[in-house]
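This report refers to the structure that appears directly beneath it.
Atoms considered below: every heavy atom in the structure, side chains included; atoms not considered: hydrogens, waters and symmetry mates.
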Amino acid sequence: MGSTRRTGRIRSRAAAMAACAAVLAALTAVPAQAHEPERRVPHWELKDTGAPETRFRGLAAVSRTTAWVAGTGGTVLRTTDAGATWRNVSPPGAGELQFRDVEAFDARRAVVLAIGEGEASRVYRTDDGGATWTESFRNTDPKAFYDCLAFFDHRHGLAMSDPVDGRFRILSTGDGGRTWKVLPDGGMPAAQEGEAGFAASGQCLVTSGPKDVWLATGGAARARVLHSADRGRTWTATDTPLPAGDPARGVFALAFRDRAHGLAVGGDFRPDQPSPNAAARTTDGGRTWRPAATPPPAYRSGVAWLPHSRTAALAVGPTGTDLTTDAGRTWRTVDTGSYDTVDCTRDHGCWAAGEKGRVARLEH
């Protein structure tokens with residue numbers, strides 16, 4: 001029996017690796033010539049959300065068939081049929097809120113974050129697919145502004161606020177987002193003048209494994225990444241080579257495929273400003289960051305590793321999608337559609353979301 005199970009696991013892993021290799025081969029393939037058979041190249045296929053006025057910066061991909069998106073106007077949508085249909089599961093009375101992050105555990109359980117000053121920053125949780133919601137946190141400190149949230153597992157998670165009294169503020173939950181408490185800030189380094197997080201894609205706070213978490217910053221003299229190895233109680237800060245020195249510049253999104261290998265993307269979000277060095281990578285858990293030799297050509301707000309790959313990832317922004325196949329050393333544009341955020345699942349479900357109700361799935 002044990003041998004049979006091991007053989008099954010080996011075959012499953014081999015199948016996953018083969019599928020990933022096929023996706024990469026197609027993404028990097030030279031377009032077919034007129035005399036060649038048409039190739040089925042993976043591409044973003046737009047899904048009709050029925051919400052053209054909504055900008056979706058929050059995205060939680062559960063699988064190839066199930067995904068949640070959250071955005072402006074207090075809007076939350078969910079699909080369980082690969083985007084063929086979307087159900088509006090927005091919390092009642094949230095029409096004035098701006099949802100910028102959503103974390104989903106499955107098709108029924110999800111947590112969403114509304115951003116803004118004072119009481120505009122809130123957290124809601126559902127256990128029944130959005131049929132009902134519970135407001136589990138409302139910020140009462142006028143100096144706080146929450147940007148992102150992230151979970152280590154189904155129970156433990158964090159949310160981060162821009163600096164309050166000179167330090168980033170961290171919320172913690174140990175019951176899946178039902179209750180939250182502010183962590184002591186004694187282990188948090190002092191913030192730079194003007195430093196803050198960017199609530200652009202729900203990826204300014206990310207986790208890997210049971211205890212490691214990273215926080216992306218911008219708006220100050222140096223664009224930094226902060227790392228905690230104890231679920232947010234103590235932190236270290238490291239400078240990155242991404243653009244800085246202006247409120248519109250910095251690190252906008254992070255992705256870690258394990259506790260050592262990570263990617264950072266960002267730049268200057270103003271459309272009339274260039275964004276050189278808009279990507280960097282780390283192989284030591286964020287202690288050091290190296291700029292991409294060939295970075296994306298413009299500002300990017302979201303990034304995700306392709307499933308079952310140690311070297312491939314996608315970065316998205318308002319001017320396009322870029323692919324790396326060498327773990328962030330070089331990037332090349334593979335699509336010119338506008339997206340703010342991207343997320344991938346272990347069953348090869350990659351989703352992207354952005355302005356004008358745009359949600360797409362990577363079709364193979």
Side-chain angles (χ1 to χ4, degrees), residues 57-58 70-72 74 94 96-103 111-125 135-152 156-207 212-220 222-228 230-238 244 247-254 264 266 269 286 301 341:
R57 293 184 183 271
T72 54
E96 300 300 317
L97 300 178
Q98 305 293 314
F99 289 129
R100 294 293 181 92
D101 201 354
V102 55
E103 301 291 328
V111 179
V112 294
L113 171 72
I115 62 102
E117 297 178 350
E119 293 192 4
S121 285
R122 305 178 194 179
V123 177
Y124 294 81
R125 178 188 163 100
E135 181 184 308
S136 60
F137 172 76
R138 181 179 298 204
N139 173 51
T140 57
D141 189 333
K143 296 178 289 185
F145 186 116
Y146 286 85
D147 300 293
C148 292
L149 57 83
F151 278 81
F152 302 95
H156 301 91
L158 302 176
M160 57 83 66
S161 162
D162 290 340
V164 176
D165 298 329
R167 286 179 168 82
F168 284 95
R169 174 168 288 181
I170 303 296
L171 277 182
S172 174
T173 180
D175 54 14
R178 294 178 179 85
T179 61
W180 298 83
K181 63 179 180 180
V182 176
L183 292 182
D185 65 2
M188 177 68 71
Q192 303 174 84
E193 182 177 355
E195 192 172 24
F198 290 109
S201 61
Q203 296 178 321
C204 59
L205 186 73
V206 300
T207 64
D212 286 277
V213 58
W214 294 264
L215 187 161
T217 83
R222 302 181 306 280
R224 302 195 299 175
V225 171
L226 280 63
H227 170 238
S228 170
D230 56 10
R231 290 185 181 165
R233 296 193 175 276
T234 60
W235 299 78
T236 56
T238 303
R249 298 174 185 162
V251 181
F252 282 72
L254 299 167
F269 70 76
S301 56
T341 185

Using a 4.5 Å cut-off on heavy atoms from C-beta on, say whether the side chain of P184 contacts that of R233.
yes
4.5 Å side-chain heavy-atom contact, W235 and I170:
yes
What pairs with F151 under ring-ring contact (aromatic ring centres under 6.0 Å, His included), at least two apart in sequence or on another chain?
F105
Are the side chain of Q192 and the backbone N or O of R222 linked by a donor-acceptor pair below 3.5 Å?
yes
If you take all heavy atoms of A120 and L97, which pair is closest and at what distance?
O-CD2, 3.9 Å
CZ of F99 to OG1 of T72: how many Å apart, nearest 0.5 Å?
11.0 Å
Contacts of F168 meeting ring-ring contact (aromatic ring centres under 6.0 Å, His included) (sequence neighbours excluded), chain-then-number -> none
Exceeds 12 heavy-atom contacts within 6.0 angstrom, atom CD of E135:
yes
With heavy-atom distances below 4.5 Å as the criterion, would you say the side chains of R231 and S172 are in contact?
no
Note: D212 and F152 closest approach over all heavy atoms is O-CE2, 3.4 Å
Between A220 and A244, the two heavy atoms sitting closest are O-CB, 3.6 Å
Compare every heavy atom of G176 with every heavy atom of T173, then report the nearest pair and how far apart it is.
OG1-N, 3.8 Å
Going by salt bridge (Lys or Arg N to Asp or Glu O under 4.0 Å), name the pairs with one or both residues in residues 169-186, residues two or more places apart or in two chains.
D127-R178, D141-R169
Might you point out which heavy atoms bring A223 and G250 nearest each other, and give the distance in Å?
CB-CA, 3.8 Å
Considering only heavy atoms from C-beta outward, does the side chain of V111 approach that of R125 to under 4.5 Å?
yes
Rounded to the nearest 0.5 angstrom, the CZ-CZ distance for R57 and R100 is 5.0 Å
The reported gap from CG in L254 to NE2 in H227 (rounded to nearest 0.5 angstrom) is 11.0 Å
Among V251, D147, L226, the one residue meeting side-chain contact (heavy atoms from CB on, under 4.5 Å) with T217
L226
Any idea which heavy atoms bring C148 and Q203 closest together, and the distance?
SG-N, 4.0 Å
Tell me whether T207 contacts the main-chain N or O of A150 through its side chain, where contact means a donor paired with an acceptor under 3.5 Å.
no
Would you mind telling me which of L171, T234, L158 makes a side-chain contact (heavy atoms from CB on, under 4.5 Å) with L183?
L158
Okay, side chain of T341, backbone of S201: is any donor-acceptor separation there less than 3.5 Å?
yes
Working to the nearest 0.5 angstrom, can you tell me the gap between S161 OG and Y146 OH?
5.0 Å
Roughly how far apart are S136 OG and R122 CZ, rounded to 0.5 Å?
12.0 Å
If I take atom SG from residue C204 and atom CG from residue L215, how far apart are they, to the nearest 0.5 angstrom?
6.5 Å
Short side-chain to backbone donor-acceptor contact, D101 and L149, under 3.5 Å:
yes
